[in-house]
There are 4 protein chains.
Amino acid sequence: MKKKRKDGLKRQSDIMKLSLEMFSDRGYHAVSVDDIISAAGIAKGTFYLHFSGKLEILEMIIDKYLTILYESVKVLDISMDKSIEDIKKIYLDVTKILLKEKGFGQFLKIVLRDISSINHELYGKINTFYVKLVMMSAEFHINAQKKGKIKKELDPVIASYCIFGAVKDLVFRLVVLEEKIDIMQSISTMFDLFLGGMLVEKST
Amino acid sequence: MKKKRKDGLKRQSDIMKLSLEMFSDRGYHAVSVDDIISAAGIAKGTFYLHFSGKLEILEMIIDKYLTILYESVKVLDISMDKSIEDIKKIYLDVTKILLKEKGFGQFLKIVLRDISSINHELYGKINTFYVKLVMMSAEFHINAQKKGKIKKELDPVIASYCIFGAVKDLVFRLVVLEEKIDIMQSISTMFDLFLGGMLVEKST
Amino acid sequence: MKKKRKDGLKRQSDIMKLSLEMFSDRGYHAVSVDDIISAAGIAKGTFYLHFSGKLEILEMIIDKYLTILYESVKVLDISMDKSIEDIKKIYLDVTKILLKEKGFGQFLKIVLRDISSINHELYGKINTFYVKLVMMSAEFHINAQKKGKIKKELDPVIASYCIFGAVKDLVFRLVVLEEKIDIMQSISTMFDLFLGGMLVEKST
Amino acid sequence: MKKKRKDGLKRQSDIMKLSLEMFSDRGYHAVSVDDIISAAGIAKGTFYLHFSGKLEILEMIIDKYLTILYESVKVLDISMDKSIEDIKKIYLDVTKILLKEKGFGQFLKIVLRDISSINHELYGKINTFYVKLVMMSAEFHINAQKKGKIKKELDPVIASYCIFGAVKDLVFRLVVLEEKIDIMQSISTMFDLFLGGMLVEKST
DNA sequence: TATGAATGAGCATTCATTCAT
DNA sequence: AATGAATGAATGCTCATTCAT
């Protein structure tokens with residue numbers, strides 16, 4: 001009966017925030033529109049006033065965070081010429097900023113757990129970004145290879161996929177499985193592993 | 001109207017094969033029991049004669065392939081003392097055998113794409129196996145570290161997670177995204193990367 | 001296609017009235033939700049908008065009439081001190097009022113014919129009311145015994161159960177079996193029987 | 001696989017005994033043919049070899065006990081001329097014999113709890129027997145009225161219905177509700193009540 | 001903007017019964 | 001006489017979406 005008037009964008013943003021949390025907690029498929037509207041305290045019609053359906057909410061969530069990520073990546077892009085230590089620092093800084101927002105973890109959880117099984121071109125968007133990251137990494141490798149810093153015989157794309165595969169799995173265990181992981185040690189080990197390899201150098 | 005009689009197990013196995021294919025093609029959530037029975041040309045009742053529900057089919061599929069995988073892993077387990085080259089060969093042999101069966105690829109697709117969003121303790125089964133593999137790898141590392149073949153400063157568990165993360169991502173792109181990937185080169189690069197690292201050794 | 005809009009409570013009440021009639025006519029088990037919705041000319045969803053299931057409708061019907069009955073009983077409760085003739089009159093008045101509403105007869109039919117075979121705690125509600133009635137009667141007996149109006153050697157609870165058993169059977173034949181019964185004579189005979197017994201008093 | 005051959009009648013009787021127990025415990029509607037055959041350890045087909053369906057089993061059970069009851073009633077029928085004490089004794093004897101068989105209690109439970117809500121002419125059979133009993137009682141009353149033992153102003157049929165209504169309710173509470181009831185006292189009170197009434201005789 | 005009653009296709013499941021073996 | 005795989009109509013229920021108010 002009450003017609004709580006709100007600024008349209010504010011309401012939309014509220015519903016998105018709430019949906020993100022519910023999707024993250026219970027999975028996209030397990031959350032119904034009814035769940036969302038009763039949690040948001042709005043009527044059915046109001047929901048469809050703001051979104052064309054359940055999928056659109058997810059799309060908007062994905063778009064929102066993807067926009068942020070593309071922005072963040074620009075910073076890395078410029079850094080092409082910097083040293084590994086600088087890169088490392090920038091990565092960590094960006095990561096810290098992103099993880100500060102609660103929603104980003106929830107976004108990651110949905111992306112890593114659910115998106116691939118929803119399909120609707122949505123996975124494409126995510127994958128496009130992922131591939132872009134990998135390719136940036138590959139370009140960086142090529143650059144470093146030209147400078148003689150990195151082994152020339154390594155395929156830069158494949159190597160990049162390996163690194164991001166390892167990182168993705170770490171994030172999955174952290175965000176989706178909620179394992180207690182010593183992140184600093186994990187990252188440190190990853191750097192050592194990817195930079196120096198496992199084999200003991202044979203001293204001649 | 002016709003009652004096509006079959007041996008109970010044969011029919012069950014037929015339905016499972018068909019379901020596996022449909023789950024793999026269209027995703028677990030997108031396939032309804034109706035889809036399965038109309039594709040299988042059987043009546044509703046016949047389905048529920050063999051399975052308690054849609055989830056049970058998936059469980060039985062998972063169990064079937066997990067059993068095969070646990071069997072396959074036994075072979076690797078014994079190989080603890082062998083050289084890296086031997087290990088490499090055994091892995092490739094097992095992989096070849098597994099990939100020969102069409103169903104195994106479909107199983108992998110479901111596992112990598114859908115399972116994490118279904119949850120129902122089913123993901124646990126898969127993860128338990130995955131962790132077992134990682135731990136076997138870690139034990140192998142420890143062994144190799146004792147023999148001085150592998151760097152002692154690398155955490156064997158984290159390193160193993162990195163390797164399996166990279167491999168998982170490769171398989172995902174291969175099986176789920178159906179990218180055309182040069183597998184031999186990918187594996188070769190992965191070996192070089194993980195064994196020798198990226199950095200050019202500074203010759204003094 | 002058309003969306004006949006109604007006040008929520010009005011529609012709910014309409015469905016209840018209709019269900020009551022159908023349950024009464026054909027028996028609770030013989031009436032499916034489909035039967036109800038097609039008779040009511042509403043969609044499946046509309047039914048489940050108002051009721052959580054078939055059983056809930058019955059529960060709400062029971063609750064509605066039980067509330068009325070408990071209200072009616074309050075009148076009797078106060079009358080503890082009155083004479084048998086007064087009691088008789090009040091009983092008849094209340095009965096007349098109740099039987100005026102068509103639904104009450106249907107309610108009685110369901111209660112007497114179906115409820116005991118549905119069980120789901122629902123019978124408990126009915127039985128609780130029935131026992132309350134019997135106990136009120138027993139208290140009245142005790143009162144009358146104290147005043148020397150009624151034989152002291154009769155167990156008041158058992159006697160009350162006898163009376164209500166006889167009445168219940170009468171109502172059953174009237175409402176469920178739809179026998180043509182001369183109610184006034186039946187009640188009159190019952191009063192004579194229970195008050196004075198069957199045996200001819202031996203005059204000395 | 002095993003084809004346990006049994007005498008047809010023995011098997012039929014076994015299934016009936018089992019069904020009776022299950023119907024009595026869980027209610028006719030709540031027991032499926034599947035329940036029966038799995039409890040009996042026979043195959044679906046075997047069941048339909050002996051019975052045309054679930055309802056037929058119930059019918060056969062009802063018929064069986066009704067036959068016994070009609071037999072028992074013959075004894076009472078002859079006793080028309082005997083005294084109240086003799087009648088009382090015969091009733092108690094017959095009751096004792098009947099209650100000795102476990103199945104009779106189960107039969108009563110089904111009859112009093114379920115039958116009226118199944119309807120299918122089956123209730124008619126039961127009711128016919130019930131009415132026969134009532135009418136026998138009425139005839140006895142008339143007889144006794146002629147002999148001046150019982151008040152002439154009481155309608156013998158209505159009075160009989162009262163008595164049987166009271167008895168039915170007692171049996172219901174005993175068999176269906178499984179209340180702990182002092183049967184001897186109940187019967188004793190009932191006799192006192194129906195024979196002598198409640199009112200204290202006014203001595204002049 | 002906002003509401004919430006209404007929709008109906010879709011889904012999972014049950015179960016009495018049939019019939020080829 | 002016995003089996004049990006197969007049937008399919010029937011049933012209960014969900015849920016994204018629409019639309020009159």
Side-chain angles (χ1 to χ4, degrees), chain A residues 1-8 11 29 31-38 42-57, chain B residues 1-12 29 31-37 41-55, chain C residues 1-12 29 31-37 40-55, chain D residues 1-8 11-12 29 31-38 41-56:
Chain A
M1 279 297 155
K2 297 173 208 163
K3 302 201 176 188
K4 301 174 224 162
R5 279 214 162 193
K6 272 198 183 181
D7 171 38
R11 169 143 289 174
H29 280 115
V31 176
S32 70
V33 174
D34 268 305
D35 292 333
I36 295 170
I37 63 134
S38 74
I42 57 169
K44 274 270 172 73
T46 313
F47 177 89
Y48 284 94
L49 217 59
H50 291 288
F51 308 94
S52 69
K54 202 173 82 163
L55 189 59
E56 206 195 46
I57 278 209
Chain B
M1 280 294 160
K2 295 173 206 165
K3 298 205 177 187
K4 304 169 220 159
R5 273 220 155 199
K6 276 193 186 179
D7 169 38
L9 289 177
K10 170 88 176 97
R11 169 128 295 166
Q12 203 177 43
H29 280 116
V31 176
S32 71
V33 174
D34 268 316
D35 291 335
I36 294 171
I37 63 135
I42 56 169
K44 273 271 171 75
T46 311
F47 177 88
Y48 285 95
L49 193 66
H50 294 289
F51 308 94
S52 68
K54 201 174 80 163
L55 189 60
Chain C
M1 277 294 158
K2 296 172 206 163
K3 298 204 177 188
K4 304 168 221 160
R5 273 220 153 199
K6 276 193 187 179
D7 170 39
L9 289 177
K10 169 87 177 99
R11 169 128 295 166
Q12 205 178 41
H29 281 116
V31 176
S32 71
V33 174
D34 269 317
D35 292 334
I36 294 170
I37 63 136
I42 56 169
K44 271 269 170 78
T46 311
F47 177 89
Y48 285 96
L49 193 67
H50 293 290
F51 309 94
S52 68
K54 202 174 79 164
L55 188 60
Chain D
M1 279 296 154
K2 298 173 208 163
K3 301 201 178 186
K4 302 173 222 158
R5 279 217 164 191
K6 273 198 183 181
D7 170 37
R11 169 141 290 173
Q12 211 178 35
H29 281 115
V31 176
S32 70
V33 175
D34 268 304
D35 292 333
I36 295 170
I37 64 133
S38 74
I42 57 169
K44 274 270 173 74
T46 313
F47 176 88
Y48 283 93
L49 217 58
H50 292 289
F51 309 93
S52 69
K54 202 173 82 164
L55 188 60
E56 206 195 47

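Predicted, not measured: the structure shown is a model, and the values here were computed from it. Just so we're on the same page: letters track the sequence lines, and every chain starts at 1. Side chains included, hydrogens not; waters and symmetry mates left out as well; all remaining heavy atoms used.
- With rounding to whole Å, Q12(B) atom CD is found 14 Å from dG4(F) atom C1'.
- As rounded to whole Å, 20 Å separates atom P of dC15(E) from atom CZ of F51(D).
- Looking at the side chain of R11(D), the nearest of the listed nucleotides dA6(F), dA2(F), dA2(E) is dA2(F).
- Note on H50(D): a side-chain N or O is less than 4.0 Å away from OP1 or OP2 of dA2(F).
- Distance from the side chain of A43(B) is smallest to dG8(F) among dG8(F), dA2(F), dA6(E).
- Two residues, L49(C) and T46(B), neighbour DNA chain E, and the one matched to the more 5' nucleotide by heavy-atom proximity is L49(C).
- Once rounded to the nearest 0.5 Å, the distance linking NE2 of H50(D) with CD1 of I42(D) reads 6.5 Å.
- Paired regions of DNA chain F, where each region holds three or more successive Watson-Crick or G-U pairs whose two hydrogen-bonding distances fall under 3.5 Å, are E:2-21 with F:2-21.
- Nearest-nucleotide positions on DNA chain E place G45(A) closer to the 5' end than the other of I42(C) and G45(A).
- Taking CG from L49(B) and CD from Q12(B), the interatomic distance works out to 9.0 Å, rounded to the nearest 0.5 Å.
- Here the side chains of Y48(A) and V33(A) are in contact, with some heavy-atom distance below 4.5 Å.
- If you take CZ of F47(C) and C1' of dA5(E), they are 16 Å apart, rounded to a whole angstrom.
- Rounded to a whole Å, the NE2 atom of H29(B) is 14 Å from the C1' atom of dC15(F).
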Could you list all N or O pairs between the protein and nucleotides 10-12 of chain E that sit under 3.5 Å apart?
{"from": "dA12(E)", "atom 1": "OP2", "to": "V33(B)", "atom 2": "N", "distance (Å)": "2.9"}

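- Contact annotation: the side chain of V31(D) approaches that of I36(D) to within less than 4.5 Å [non-hydrogen atoms, C-beta and beyond].
- Put simply, the side chain of T46(A) reaches to within 4.5 Å of the side chain of R11(A), judged on heavy atoms.
- Here the P atom of nucleotide dA16(F) and the CD atom of E56(A) are 15 Å apart, to the nearest Å.
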